[in-house]
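Model, not experiment: these values are computed from the prediction.
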Amino acid sequence: MELAFIPSPSRGVLHLGPIPLRGYAFCIIIGVFVAVWLGNKRWIARGGRPGTVADIAVWAVPFGLVGGRLYHVITDYELYFSEGRNWVDAFKIWEGGLGIWGAIALGALGAWIGCRRRGIPMPAYADAVAPGIVLAQAIGRWGNWFNQELYGRATDLPWALEITSTADGRVPGTYHPTFLYESLWCLGVAVLVIWADRRFTLGHGRAFALYVAAYCAGRFWIEYMRVDDAHHILGLRLNNWTALLVFLLAVTYIVVSLKKRPGREAVVEPGAADGAEGSESSEGSEDSKGSEGSAGSEGVDEEKADDADAGKGDAREDATNGAGPAKKS
C-alpha cells in the first residue's frame, strides 16, 4: 500500500456554462505569457526596444503550435489515421499532443520572419528568449498532469504519480511522474542559461544553443523512462534519437560560433540606441535653453539694478545742489 503519491486531477476540463476550460490549454497560455515577459526584460537589457519580443512572438507562437502539432501527428499517426480512429481528432490540439521538436523548428521559422520584418538579428533574439522558452516548457508539462498522460514506469516511490483513468488503454496505478521530472529539469536549464549568459556574456545564438543542448540531455533520460507507445529504432524511442541528434548539433554550433564570431552583438535592434540618445540630447538642449534663458533674465535684472542705482545717484546730486544755495541765503 502506497503511503504517499501525487494525485491526478479527476478531470482535465472545467465547464463555465457552455465554455470548457481545459487545464492543458491554460498551461500552454501561461507558459507563453511567461516566455514573452522574461524575453522582453532580457531584450531591453540587451539594448532592444520594449514590445519587440511580443511583436515577434505574434509570428513565432502560432508557427510553434502548428509545428508542435504536426510533429506529434506525424510521429504518432496511428492515433488518428488507423482503423477505428477519427482523423478529425488530429486538429484537437486542446486535448494534448505537442512535440517540442516541431514547436521549436517551426517557431524558429516564425521568429525568423518577424526578425526579418524588424531588421533584427535572429541569433540575438533567440538568446534573449531562450530562458523564457524553457520556462514555458516547464509550465506546459503540467498539462500532461491534467490529462493523465506521458508518465513513466510503475513505481512505489513517495512521489509516484497516481493514474486513475482507464481511457486509451491506461492501467490505473502509480508511476514515475516524468512530467514533473521534465518540469524541474527545465527550471534548472533556465537557471543555467541565465547564469552562463551573465558569466560568459554569450552572444550570436550561443545562449539558445546552450538551452537546446541542456534540455536534450535531460529529455534523453526522461524519455527513456516513459512507457507510452512510441516508435523504436535500434531499441531506443524515436525521441531519444531526436534528442541525441539535436544535442550534437547544438554543441557543434557553440564550438564553431565561438571560433567564427566570439563575443556578443554590440547592437541588437537598429535605431533603439539612437532613439535613447536622441531623447537624452533633446533633454540636454532643453536644459541648455533653460540655462541660457535664466542667464539672460539674470542679465536683464542686473541692467535694471544698474539703472536704478544710477537714478538714485542723480537724485542725490540734485538734492545736494539744491541744499547749497539755501544754506548761503
Please work out whether the ring planes of [X] and [Y] are parallel, tilted or perpendicular, with thresholds of 30° and 60°.
X	Y	answer
W221	W185	perpendicular
Y211	Y215	tilted
F63	W59	tilted

Taking atom [atom1] as the centre, does [X] end up with more than 12 heavy-atom neighbours from other residues, nucleotides or ligands that are less than 6.0 angstrom away?
X	atom1	answer
Y181	OH	yes
D89	CG	yes
Y80	OH	yes
F200	CZ	yes

Could you tell me whether the side chain of [X] and the main chain of [Y] form a donor-acceptor pair under 3.5 Å?
X	Y	result
E269	R49	yes
S183	F179	no
S82	L79	no
N40	G51	yes
T178	L150	yes
H231	T75	yes
W43	T52	no
R219	L244	no

Separation between [atom1] of [X] and [atom2] of [Y], rounded to the nearest 0.5 Å:
X	Y	atom1	atom2	value
I100	E182	CD1	CD	8.0 Å
R22	I29	CZ	CD1	12.0 Å
D228	D76	CG	CG	8.0 Å
I233	W241	CD1	CH2	7.5 Å
R116	M122	CZ	CE	12.0 Å
W142	N147	CH2	CG	13.5 Å

Grab the two heavy atoms, one from [X] and one from [Y], that are nearest each other, plus how far apart they are.
X	Y	value
L202	A196	CG-O, 3.8 Å
A207	A130	O-CB, 4.1 Å
Q137	C186	CB-SG, 3.9 Å
G263	R206	O-NH2, 2.6 Å
G99	Y71	CA-CD2, 3.8 Å
C27	G143	SG-N, 3.5 Å

With side chains defined as the heavy atoms from C-beta onward, is the minimum distance between [X] and [Y] less than 4.5 Å?
X	Y	answer
W145	L180	no
L236	Y224	yes
H176	L157	yes
Q148	T164	yes
Y151	R170	yes
I163	T174	no
V212	L249	no
W195	P131	no

Candidate pair D197 and R42, rule side-chain contact (heavy atoms from CB on, under 4.5 Å), full reasoning: CA-CA 11 Å; D197 192 28; R42 287 173 52 81; 2.8 Å; yes

Consider only side-chain heavy atoms of I, L, V, M, F, W and Y, link residues closer than 4.5 Å, and tell whether [X] and [Y] are in one cluster.
X	Y	result
L70	I113	yes
F208	Y253	no
L106	V61	no
V129	I44	no
V251	L248	yes

Short N-O contact, R264 and D127, less than 4.0 angstrom: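 Result for this pair is no, no salt bridge flagged.
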
Check against side-chain contact (heavy atoms from CB on, under 4.5 Å), L98 and R69: CA-CA 5 Å; L98 289 174; R69 189 60 175 179; 4.1 Å; yes

Working for ring-ring contact (aromatic ring centres under 6.0 Å, His included), residues Y77 and W87: CA-CA 9 Å; Y77 61 88; W87 63 270; over 10 Å; no

Residue pair R198, I194: steps toward the side-chain contact (heavy atoms from CB on, under 4.5 Å) verdict: CA-CA 6 Å; R198 293 178 178 177; I194 292 173; 3.9 Å; yes

Verdict with reasoning, I104 to I133, per side-chain contact (heavy atoms from CB on, under 4.5 Å): CA-CA 9 Å; I104 293 298; I133 292 176; 3.9 Å; yes

